[in-house]
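The structure displayed is predicted, hence computed values, not measured ones. Whatever order the structure lists ligands and atoms in, that order sets their numbers, starting from 1. Numbers here are sequence positions counted from 1.
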Amino acid sequence: MKLDRIVLRQIRMPLVHFFETSFSRTYSRDIILVEVSGDGVTGWGEVTAGEHPFYNEEWTASAWSILHDYVAPRVLGKPLNSAEDVFPLTAHIRGHNMARGGLEAAVWDLEARMHGVPLWRQIGGGARREIPCGVSIGIQDSVEQLFEKIEVELAAGYQRIKMKIKPGWDVDVVRRVRERFPAIKLMADANSAYTLADTDHLRKLDDFYLMMIEQPLGHDDIIDHATLQAKLQTPICLDECIRTVRHAEQAIQLRACGIINIKLGRVAGFSQAKRVHDIAQAAGIPVWCGGMLEAGIGRAHNIALASLPNFVLPGDVSASKRYWSRDIIEPEVEVTSTGTIRKRDEPGFGYALDLDYIRRITVREEVLG
Ligand code: OSB
Ligand code: MG
């Protein structure tokens, strides 16, 4: 297989509700879609970078530049035996995994379509017919608002609630949520808002039998997480700091976490996501699929990823309507009353693209090759 054309599109989509983490509040997304063509077949990927370099070093404009100037030239016209060849072709680029991963995932989609199989089969997934789903609920303006959101998501059937925390919105809020909802699967995500100096404060969270605490410490730290994990009963789940297979190996070796959140973009695509999945499985570390407020393509790719066998915990992959008044795929992603998403059997990522809508919300487009 050989790519002869890459189209980059930046789309702008307002969120139905703002999403607040410890690092920022997002009202609207600017998302890069990557369309790759070769041998008469087309595949699609989505870049998961945010609008600002606050979750990691990437943002929409940096991802566009990296794709345009560095990723596309390394892949266009090169003979590819499979989508596995994309990661090594872009490995000379340091970091910028989300930009590289957006294109890599598009090539997996293309390869699946070429073989006429669903993406989940192409990546070696398919361990389950239905993907268990949780929701990630951002920091709210009041605890009452948070209660309301949790009620709505539980009524919809979601299997676990993740609440975002930051200094000033942590132990007391988690306590109130736990008192109000004593039996739910609950976890907290700090997005690197704390340091080891907060150890005693974070230990108070042990009282609330959380499933896990996600990324409490530095976005680039593994060693301090190992120190903290030794002092906490609650398992630590690592997100930001697992960018490579080596990071996952080191975190496991140092006992820095009990659980890993795998995000397709953060680890540069499916080939590395699968390897992180495999080494975690071999070490007895469960994984789940994280989210980056994706539009339909990224969401569909996450569903495929979450069908690998060690994705045993509910992920942050949820229904389109929680994010968008209209998604870019048809049908939109829906969740069953038991909080699962059924994977689909169509070739590729499994949903049709709403190209008219994509055209209408495109704010930048460039054809390469
Ligand atoms: O840390 O998991 C995170 C969104 C943006 C950036 C980082 C994170 C998140 C989420 C949202 O938690 C997950 C989703 O619903 O897509
Ligand atoms: Mg996280």
Taking a cutoff of less than 4.0 Å between a non-hydrogen atom of the residue and any ligand atom, is D189 in contact with ligand 1? yes

Between the side chains of K263 and D239, is the shortest nitrogen-to-carboxylate-oxygen separation below 4.0 Å, so that they form an ion pair? yes

Quick check on contacts: which atoms of ligand 1 are under 4.0 angstrom from a heavy atom of D239? 1 (O), 2 (O), 3 (C)

Can you measure from CG (L110) to NE2 (H115) and round to the nearest 0.5 angstrom? 9.5 Å

Looking only at heavy atoms, is any part of V135 under 4.0 Å from ligand 1, and if so is it the side chain, the backbone, or both, or is it neither? neither

Which residue in the set V367, I358, V363 passes side chain to side chain contact (heavy atoms under 4.5 Å, CB included) when paired with R9? I358

Atom 11 (C) of ligand 1 has as its nearest protein heavy atom F19 CZ, 3.5 Å

For the pair F18 and Y27, name the ring-plane relationship: parallel under 30°, tilted 30 to 60°, perpendicular over 60°. tilted

Got a salt bridge between E179 and R176, using NZ or NE/NH1/NH2 to carboxylate O under 4.0 Å? no

Suppose we screen for side chain to side chain donor-acceptor pair (under 3.5 Å). Which residues come up paired with R359, at least two apart in sequence or across chains? D356

List the closest protein heavy-atom neighbour of atom 13 (C) of ligand 1: residue, atom name, distance to the nearest 0.1 Å. G291 O, 3.4 Å

Which of the ligand 1 atoms, numbered from 1, are nearer than 4.0 Å to a heavy atom of K164: 1 (O), 2 (O), 3 (C), 8 (C), 9 (C), 10 (C), 12 (O)

Around atom 12 (O) of ligand 1, find the nearest protein heavy atom and jot down its residue, atom name and distance. S136 OG, 2.8 Å

Could you tell me whether ligand 1 has any atom less than 4.0 Å away from a heavy atom of K162? yes

Could you check atom 5 (C) of ligand 1 against the protein and tell me its nearest heavy-atom contact, residue, atom and distance included? M292 SD, 4.0 Å

Does R299 make a cation-pi contact with Y351, if we ask for NZ or CZ under 6.0 Å from the ring centre and within 45° of the axis? no

What one should report as the nearest heavy-atom pair of D109 and F349 is OD1-N, 2.8 Å

Are I260 and M292 connected, step by step, through hydrophobic side chains (Ile, Leu, Val, Met, Phe, Trp, Tyr) whose heavy atoms are closer than 4.5 Å? no

Any atoms of ligand 1 less than 4.0 Å from a non-hydrogen atom of K263? List them with their elements. 1 (O), 2 (O), 3 (C), 7 (C), 8 (C)

State plainly whether the residues D170 and R175 are in salt-bridge range, i.e. N to O under 4.0 Å. no

Correct closest heavy-atom pair for Q233 and D206 would be N-OD2, 2.9 Å

Applying a strict under-4.5 Å side-chain criterion to I, L, V, M, F, W and Y, I'd like to know whether L186 and L313 cluster together. no

Given N191, N261, N56, the one that forms side chain to side chain donor-acceptor pair (under 3.5 Å) with E240: N191

Looking only at protein heavy atoms, which one is nearest to atom 16 (O) of ligand 1, and how far off is it? L293 N, 2.9 Å

Heavy atoms only, cut-off 4.0 Å: how does E214 contact ligand 1, side chain, backbone, both, or neither? side chain

Among all protein heavy atoms, pick out the one at the shortest distance from atom 15 (O) of ligand 1; state its residue, atom name and that distance to 0.1 Å. Y323 OH, 2.5 Å

If you have a sec, work out which protein heavy atom is nearest atom 1 (O) of ligand 1 and how many Å separate them, to one decimal? N191 ND2, 2.8 Å

Considering the Mg ion (ligand 2), could you give the total of protein N/O/S atoms lying closer than 2.8 Å? 3

Between F270 and H301, is the ring centroid distance below 6.0 Å? yes

Checking contacts here: is it the side chain or the backbone of T21 that comes within 4.0 Å of ligand 1, counting heavy atoms only? Could be both or neither. neither

Measuring from non-hydrogen atoms of R322 to any atom of ligand 1, is the shortest distance under 4.0 Å? no

